[in-house]
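Single-structure report; data block below.
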Amino acid sequence: MADSARLIDPLGRIHTNLRISVTDRCNIRCFYCMPDENIRFKPRHELLSFEEIERFVRVVAPLGVNKLRLTGGEPLVRADLPALIAKLASIDGIRDIALTTNGILLAEQAQALKDAGLARVNISLDTLTEETFRRIARREGLDRVLAGIAAAKRVGFEQIRLNAVAIRGITEPEIVPLARFARDGDMEMRFIEFMPLDAEEQWQHDQVLSGEEIRRQIEAAIGPLEPAPRPDPSQPASDFQYADGSGTVGFINPVSQPFCADCNRLRLTAEGQIRNCLFSTVEWDARAVLRGGGSDEELAQLVREAVWAKKPGHGIDSSEFIRPQRAMYQIGG
Ligand code: SAM
Ligand code: SF4
């Protein structure tokens, strides 16, 4: 593809990866993401329809977007998600569709998702104990998440990853059990540093449990880890393999080791706003173009503008850092 057709920003980062949030709703209330109560979800008519999402992807695929990830909120609370996946899987140029889910509704939907063309799933799993699950999610449901993981394995997705948000004071006792659980189940475990995107704005820098600290704990308890090959330089995780060859652990360290220089990701919120960064404080209104009779070229131009405006980095550690007004569930993680 000619460079002029691609989604390139001023730093030369080529955007090929789109995260699509399909809802801001969720069936649990993780404290690092959502408020516990008094949430004003977007009314249904404000969310993009499946047809609108499909049109957006049909416009960006010729611009080089080839990987999609569906997220939310909790994407599996959106009715009939397999129908959307089937539409997206049929678009020329889309070579990978993945999903990030809390796993609660996965047991009942795994087969339909796979049949529709979903290749990979990331399942959030911060703990293996119900008590800690309740403390984090402020709802019950660990047994359902574990059933979802088992179902994902049964139906045979190409890849299943487990994601844990790492929070000092909560995650330390979970690290080794989670790493063992993933290794025994032949799944990759990824630890994600806690980012300032919680709706209640309680994030403190000292709650960030760094990937480096987690790695040391795993090595002490399970065995040495070696850097794994990095086939995709834009991947956010630093992956490690156990030296005995029996599994992989990844670390997503946006706070301690920002990976903005290689970022190739764009986001579309559930109500159709384009974001060029999780931490963006500006959005580009794709829904207005989609619903206002705009042409495909106008939509493509809007995406190009969003990409061109991308900042070099999120600057969490800078004194000028401004938290985005939206919390994680409203952006799409
Ligand atoms: N509901 C789905 C889930 O939990 O997997 C998908 C949406 S969730 C916003 C996507 C990912 O973002 C999850 O892995 C979640 O743990 C992570 N996440 C949410 N808030 C976060 C925060 N403040 N810092 C780091 N990761 C966060
Ligand atoms: Fe829901 Fe996912 Fe946010 Fe947890 S992280 S509240 S599961 S959207």
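When a ligand or atom number is given, it counts from 1 through the structure's own listing order.
For atom 4 (O) of ligand 1, the closest heavy atom belonging to the protein is Ser124 OG, 3.4 Å. Given atom 2 (C) of ligand 1, the protein heavy atom at minimum distance is Glu74 OE1, 3.4 Å. Of all protein heavy atoms, the one lying nearest to atom 16 (O) of ligand 1 is Val165 CG2, 3.1 Å. For atom 3 (Fe) of ligand 2, the nearest protein heavy atom (residue, atom name, distance) is Cys33 SG, 2.4 Å.
Lys114 contributes no side-chain N or O that, together with a main-chain N or O of Ala119, makes up a donor-acceptor pair within less than 3.5 Å.
Looking at Tyr329 next to ligand 1, no N or O pair under 3.5 Å apart turns up. Of the N or O atoms in Asp126, none lie within a sub-3.5 Å distance of an N or O in ligand 1. In terms of N/O distances under 3.5 Å, ligand 1 is approached by Met195. Geometrically, ligand 1 and Thr100 share no nitrogen or oxygen pair separated by less than 3.5 Å. Considering backbone and side-chain atoms alike, Tyr32 places an N or O below 3.5 Å from some N or O of ligand 1.
Short contacts between ligand 1 and Thr71, defined as distances under 4.0 Å to a heavy atom of the residue, involve ligand atoms 6 (C), 7 (C). When each atom of ligand 1 is checked for a heavy atom of Met328 under 4.0 Å away, the hits are 9 (C), 12 (O), 18 (N), 19 (C), 20 (N), 21 (C), 26 (N), 27 (C). The atoms of ligand 2 that sit less than 4.0 Å from any heavy atom of Gly73 are 8 (S). Listed by number with element, the atoms of ligand 1 under 4.0 angstrom from any heavy atom of Thr101 are 2 (C), 3 (C), 5 (O). Close approach to Glu193 involves these atoms of ligand 1, each under 4.0 Å from a residue heavy atom: 24 (N), 25 (C). Each of the following atoms of ligand 2 lies closer than 4.0 Å to a heavy atom of Tyr32: 5 (S). Applying the 4.0 Å criterion to heavy atoms of Ile28 picks out, from ligand 2, the atoms 6 (S), 7 (S).
At least one heavy atom of Gly72 sits less than 4.0 Å from an atom of ligand 1. Residue contact annotation: Met34 has a non-hydrogen atom under 4.0 Å from ligand 2. In this structure, Ser124 falls outside the shell of residues with a heavy atom less than 4.0 angstrom from ligand 2. Under a 4.0 angstrom heavy-atom cut-off, Gly73 registers as being in contact with ligand 1.
Residues Leu146 and Ile175 share a single hydrophobic cluster, defined by chaining ILVMFWY side chains whose heavy atoms lie under 4.5 Å apart.
Judged by the 6.0 Å distance and 45° axis criteria, Arg190 is not positioned over the aromatic ring of Phe251.
Minimum heavy-atom separation, Val60 to Leu18: CG2-CD2, 4.2 Å.
Side chain to side chain, Arg275 and Thr269 fail the donor-acceptor criterion of an N or O pair below 3.5 Å. Side-chain N/O atoms of Arg183 and Ser246 include a donor and acceptor closer than 3.5 Å. Between the side chains of Asp96 and Asn66, no donor-acceptor pair is found at a separation under 3.5 Å. Looking at Glu74 and Thr101, their side chains do bring a donor and an acceptor atom within 3.5 Å of each other. There is no side-chain donor-acceptor pair under 3.5 Å between Asn163 and Ser124. Using modelled atom types, one finds no donor on one side chain facing an acceptor on the other under 3.5 Å when comparing Thr171 with Glu174.
Under a 4.0 Å N-O distance rule, the pair Arg215/Glu212 qualifies as a salt bridge. Arg326 and Glu271 are joined by a salt bridge, as a carboxylate oxygen and a charged side-chain nitrogen come within less than 4.0 angstrom of each other.
At a heavy-atom distance under 4.0 Å, no atom of Asn122 approaches ligand 1. Here Cys30 has heavy atoms under 4.0 Å from ligand 2 in both its backbone and its side chain.
At least one side-chain heavy atom of Phe259 sits less than 4.5 Å from a side-chain heavy atom of Ile252.
Not a single N/O/S atom of Cys26, whether from backbone or side chain, sits less than 2.8 Å from atom 3 (Fe) of ligand 2.
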- Run the side-chain contact (heavy atoms from CB on, under 4.5 Å) check on Thr71 and Asn122 step by step: do they pass? CA-CA 10 Å; Thr71 181; Asn122 285 7; over 6 Å; no
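Distances from atom 5 (S) of ligand 2 to the protein include at least one heavy-atom value under 4.0 Å.
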